[in-house]
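The structure under discussion appears below in the form of structure tokens.
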Amino acid sequence: MDAMTSTNTPETTRTDSPAKLAGLVIGLLAVVCLMLLAFATPSLQSGAKDLPLAVSGPVAATQQLTATIEAKSPGTFSVTTYTTAEDGAAAITHRDAIGGIAVGADGVTIQTAAGAGSPYTQLLKGVGTQLLQGGQKVTFQELAPTTADDPSGLAIGVLGLPLVFGGLAASAALVVAYKGAARNRFVAAFALAILAGLATTAILQFGFGAFDGNYWLTSAAVATGILAISFPALGLEQRLGYAGLGIMGVLLIFLSNPLSGLATGPQWLPGWAAFGQLLPIGAAGSAIRSAVYFDGAGATLGWVVLACWALAGLAVGLIPSRRAKSA
């Protein structure tokens with residue numbers, strides 16, 4: 001009897017091979033290296049290169065000034081010339097240029113836009129100093145000022161984490177905690193995005209004094225940025241399961257965040273990183289920056305990109321699928 005019992009209930013011990021463990025270590029090492037490359041490559045290759053600059057004034061004067069700038073700072077600026085200082089200023093406030101230099105009868109005016117990103121203001125002030133040393137009369141004009149409580153415009157940079165948490169982490173929490181109809185998760189994500197947009201903007205604008213733009217427009221930009229993450233995350237999860245959340249996480253961590261230009265503005269990134277503005281965090285940063293410092297100007301692409309991501313996620317999630325039916 002004992003023999004039969006031991007025969008019918010054999011004990012088996014499963015051990016994974018050393019090769020599998022080695023493969024796991026190598027795979028994790030590859031992930032670490034890819035993460036380093038994802039963040040280090042755009043950071044180390046960023047800088048002042050082909051920055052769009054508005055130079056305005058008489059033709060002869062702008063040609064001479066452009067030649068001088070190129071000789072002293074080769075490759076730093078991509079110059080577009082305008083007839084009047086007002087035209088140059090309009091290009092800056094519409095976010096077609098990071099700043100400008102206007103040549104007039106009374107000397108040179110350096111037109112800065114601190115809201116575009118602190119690196120550009122410092123760079124243009126350096127150009128102004130060089131012109132002063134060359135004997136030019138130089139004045140400075142600020143067209144998109146930051147607030148006294150956040151002179152470097154750092155607040156937009158800190159929005160990256162709330163965008164990702166409000167979008168991806170909140171979506172994961174809804175998937176785990178709520179097993180009801182998928183459409184209800186989308187409704188909850190929409191409500192959370194609206195409330196998070198209002199709350200985070202209120203904290204930064206009224207609590208810290210970091211923003212002084214249109215509160216409602218800024219809140220809408222933050223909320224839409226969260227929706228552009230949460231809706232695709234929920235949609236992919238509905239079709240692919242937890243793997244869908246993983247895909248969205250990889251997209252955000254390895255591409256969208258490092259290529260967003262949240263802290264500096266996208267012009268500071270290398271040229272190849274321009275597609276980061278077609279991803280959720282980059283597009284959200286552009287829309288938020290425009291709302292805070294430029295009265296909403298120059299944000300059309302950002303709004304369109306965010307809408308496309310949100311609507312695509314909604315469509316993917318709500319279209320009936322075999323997985324949804326089996327669940």
Heavy-atom pair with the smallest gap, counting every atom of [X] and [Y]:
| X | Y | answer |
| --- | --- | --- |
| G99 | L124 | CA-CD1, 3.6 Å |
| F77 | I98 | CE2-CD1, 4.4 Å |
| L234 | A189 | CD1-CB, 3.7 Å |
| L245 | A233 | CD2-O, 3.6 Å |
| A228 | W309 | O-CB, 3.6 Å |

Could you tell me the separation between the [atom1] atom of [X] and the [atom2] atom of [Y], rounded to the nearest 0.5 Å?
| X | Y | atom1 | atom2 | value |
| --- | --- | --- | --- | --- |
| T112 | K125 | OG1 | NZ | 6.5 Å |
| I247 | L252 | CD1 | CG | 12.0 Å |
| Q205 | T147 | CD | OG1 | 9.5 Å |
| F186 | L314 | CZ | CG | 5.5 Å |
| I253 | M35 | CD1 | CE | 5.5 Å |
| T224 | I229 | OG1 | CD1 | 11.5 Å |

Checking the side chain of [X] only, and the main-chain atoms of [Y] only, is there a donor and an acceptor separated by less than 3.5 Å?
| X | Y | value |
| --- | --- | --- |
| Y120 | W268 | yes |
| Q111 | L143 | no |
| T146 | P151 | yes |
| S73 | E70 | no |

Surrounding [atom1] of [X] (heavy atoms of other residues, nucleotides or ligands, distance under 6.0 Å), is the total greater than 12?
| X | atom1 | value |
| --- | --- | --- |
| D295 | CG | no |
| F140 | CZ | yes |
| W272 | CH2 | yes |

Going by heavy atoms in the side chains, are [X] and [Y] under 4.5 Å from each other?
| X | Y | result |
| --- | --- | --- |
| F208 | V158 | no |
| L132 | Q136 | no |
| I69 | I101 | yes |
| I110 | T139 | no |
| L306 | L227 | no |
| F39 | F254 | no |

Ignoring hydrogens and angles, write down the donor-acceptor pairs under 3.5 Å from the side chains of residues 273-292, residues two or more places apart or on other chains.
from: Q277; atom 1: NE2; to: S260; atom 2: O; distance (Å): 3.0
from: R289; atom 1: NH1; to: G115; atom 2: O; distance (Å): 2.8
from: R289; atom 1: NH2; to: L262; atom 2: O; distance (Å): 2.6
from: S290; atom 1: OG; to: R95; atom 2: NH1; distance (Å): 2.8
from: S290; atom 1: OG; to: S286; atom 2: O; distance (Å): 3.2
from: S290; atom 1: OG; to: A297; atom 2: O; distance (Å): 2.9

Exercise. Kindly assign one of parallel, tilted or perpendicular to the pair Y293 and F211, based on the angle between their ring planes and the thresholds 30° and 60°.
Key: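 Judged by the thresholds at 30° and 60°, the geometry between Y293 and F211 is perpendicular.
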
Run the side chain to side chain contact (heavy atoms under 4.5 Å, CB included) test against Y82 and tell me which residues pass, sequence neighbours left out.
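Testing Y82 for side chain to side chain contact (heavy atoms under 4.5 Å, CB included), a comparison that skips the adjacent residues, returns A54, S56, T80, D87, A91.
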
- Task: Assess the pair F206 and Y215: is the distance between their ring centroids shorter than 6.0 Å?
- Result: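 When the ring centroids of F206 and Y215 are compared, they turn out to be within the sub-6.0 Å range.
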
Please report, to 0.1 Å, the donor-acceptor pairs under 3.5 Å made by any side chain of residues 168-176, with sequence neighbours excluded.
from: S171; atom 1: OG; to: G167; atom 2: O; distance (Å): 2.5
from: S171; atom 1: OG; to: S230; atom 2: O; distance (Å): 3.4

